[in-house]
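This report concerns only the one structure given below.
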Amino acid sequence: MAALFPPPPGPRFVLRGTQSAVNTLHFCPPSQAAGNPLLFSGSQNGLVHIWSLQTRRIVTTLNGHGGQGVIWLKTLPQGHQLLSQGRDLRLCLWDLEEGRNTIMDSVQLDSVGFCRGSILVRGQQCWMLAVPGKGSDEVQILEMPSKTSVCTLKPEADARPGMPMCLGLWQTNSSLRPLLLAGYEDGSVTLWDISERKVCSQITCHEEPVMGLDFDSQKAKGISGSAGKVLAVWSLDDQQSLQVKKTHELTNPGIAEVTIRPDHKILATAGWDHRIRVFHWRTMKPLAVLAFYSAPVYCVAFAADGLLAAGSKDQRISIWSLYPCP
């Protein structure tokens, strides 16, 4: 019997050469790429590679984490600057202007976990940074680049959510108040008001630790994945109260990362079962299961133009063009 749907296409191309598991990926914004699209990758061996998507080769290698795995990468909007977070308890700020690759500054971290940081741009030259704090259940908020401590967000003594596993700083269009979404070890997602240093709302939407989340501020709706089988979609009302809207059960447990495409049309997940899954964001209708890898997929990232990149324990980075942006 013929298949009802054609099989999904293969990747447009594959990048090889990290010589280590790929933990995190981040596309360089078009405004900084100067006509040469770039992709940043962070590996288990502590290296950051900058890839040209035209030549499909490594342009530069950054070595600032002493051989300890890189778990998060993010470009800053001002100038050619890159943040890299490593398991060496260091967050490095790199100057990449005019071919340079030097560490301008660094922040010493207190947590050795796998929780990635998050930033919120607050002006032309300043930004807010959220990272795991000193206490196992704490989140530290810093004003950057001054490294001034804004506050430490610590759950109530009887809450016991465990360690923060993933973080997302944001602010509403109508207010400049910074907010933080945090996914915790106990399967809960919490919304913090940073100015008030208080919990606005909390929901328990997973039975296992929350491994990744993303939030669509236009629709006031977010999604989280965990070490279990469930993807949870939740919304935020005008009273800043979180509510679970729907859940989607996967065939196999374990989501390492979930990310919504910049145009808010589709989302992708990185699966421990070696698969990338693509969903329609509004309906959560499954669109594709990409069974390309031979090991767990650790990260997924979208470019502004809709390209999808995925990285795996098997050391390969795949680049996909699916459901192109209009």
Side-chain angles (χ1 to χ4, degrees), residues 24 26 29 32 40 42 48 62 64-66 68 70-97 100-157 159 161 163-184 189-202 213 215 217 240:
T24 184
H26 178 64
Q32 297 183 21
F40 302 98
V48 175
L62 309 177
H65 293 283
Q68 299 293 307
V70 178
I71 62 171
W72 180 56
L73 296 168
K74 183 74 175 177
T75 48
L76 293 177
Q78 59 271 24
H80 296 261
Q81 296 177 12
L82 176 74
L83 284 171
S84 65
Q85 179 186 349
R87 300 291 313 284
D88 60 341
L89 298 181
R90 210 156 78 115
L91 186 87
C92 295
L93 176 60
W94 299 85
D95 174 17
L96 305 179
E97 191 81 54
R100 292 192 290 270
N101 50 14
T102 54
I103 297 173
M104 300 167 59
D105 204 352
S106 65
V107 177
Q108 198 64 30
L109 304 176
D110 293 309
S111 171
V112 76
F114 290 92
C115 181
R116 297 165 174 167
S118 178
I119 67 165
L120 175 66
V121 177
R122 304 278 284 164
Q124 191 62 37
Q125 297 296 333
C126 62
W127 38 285
M128 188 172 274
L129 171 70
V131 289
K134 199 165 194 174
S136 64
D137 60 355
E138 294 176 356
V139 178
Q140 178 86 28
I141 308 294
L142 299 171
E143 198 68 59
M144 298 292 289
S146 67
K147 298 191 249 189
T148 307
S149 177
V150 176
C151 64
T152 298
L153 303 176
K154 183 173 174 60
E156 297 287 339
M163 292 188 296
M165 305 295 292
C166 47
L167 305 171
L169 278 170
W170 64 286
Q171 62 189 22
T172 63
N173 294 331
S174 58
S175 167
L176 294 178
R177 293 171 76 86
L179 302 166
L180 175 76
L181 284 159
Y184 286 92
V189 174
T190 299
L191 177 69
W192 289 90
D193 183 316
I194 292 170
S195 303
E196 300 281 341
R197 294 151 174 69
K198 69 173 187 181
V199 172
C200 299
S201 180
Q202 184 203 28
L213 60 78
F215 186 67
S217 58
Q240 295 188 334

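Because only heavy atoms are used, hydrogens play no part in the values below, and waters and symmetry mates are left out as well, while side chains stay in.
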Just distance, no hydrogens or angles: give the donor-acceptor pairs under 3.5 Å from side chains in residues 135-144, sequence neighbours left out.
residue: D137; atom: OD1; partner: K154; partner atom: NZ; Å: 3.2
residue: E138; atom: OE1; partner: G135; partner atom: N; Å: 3.1
residue: Q140; atom: OE1; partner: T152; partner atom: OG1; Å: 3.3
residue: Q140; atom: NE2; partner: S149; partner atom: OG; Å: 2.9

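Remark: K74 NZ to S118 OG distance equals 7.5 Å, nearest 0.5 Å.
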Give the intermediate values and the outcome of side-chain contact (heavy atoms from CB on, under 4.5 Å) for residues C151 and L153.
-> CA-CA 6 Å; C151 64; L153 303 176; 3.7 Å; yes
Could you go through the side-chain contact (heavy atoms from CB on, under 4.5 Å) check for C115 and M163 one step at a time?
-> CA-CA 9 Å; C115 181; M163 292 188 296; over 6 Å; no
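Heavy atoms only, all atoms of each residue included: G42 and L73 are closest at N-CD1, 3.4 Å. Residues G133 and S111 come closest through the heavy atom pair O-CB, 3.8 Å. Considering all non-hydrogen atoms of both residues, D88 and G64 come closest at OD2-O, 3.8 Å. Minimum heavy-atom separation, I71 to G113: CD1-O, 4.0 Å. Taking each heavy atom of L167 and R116 in turn, the nearest pair found is CD1-O, 3.8 Å. Counting all heavy atoms, side chain and backbone alike, A130 lies closest to L180 at CB-CD1, 4.0 Å.
By the side-chain contact (heavy atoms from CB on, under 4.5 Å) test, P77 pairs with V121, sequence neighbours left out. Applying the side-chain contact (heavy atoms from CB on, under 4.5 Å) test to T75 and every residue at least two apart in sequence or in another chain returns H26, P29, Q32, F40, L82. Judged as a side chain to side chain donor-acceptor pair (under 3.5 Å), and not counting sequence neighbours, R87 has no contacts. Here T190 pairs with Y184, S188, W192, V199, Q202 under the side-chain contact (heavy atoms from CB on, under 4.5 Å) rule; sequence neighbours left out. Taking the side-chain contact (heavy atoms from CB on, under 4.5 Å) definition, one finds that D105 meets it with L93, K147, sequence neighbours left out.
Side-chain atoms of R90 and Q68 form no donor-acceptor pair, as typed in the model, at a separation below 3.5 Å.
Contact annotation: the side chain of L91 approaches that of L129 to within less than 4.5 Å [non-hydrogen atoms, C-beta and beyond].
Judged by distance alone, with hydrogens and angles left aside, the side-chain atoms of Q108 form a donor-acceptor pair with the main-chain N or O of L89 at under 3.5 Å.
At most 12 heavy atoms of other shown residues, nucleotides or ligands fall within 6.0 angstrom of atom CD in E156.
When each of L191, L181, L169 is tested with F215 by the rule side-chain contact (heavy atoms from CB on, under 4.5 Å), just one qualifies, namely L181.
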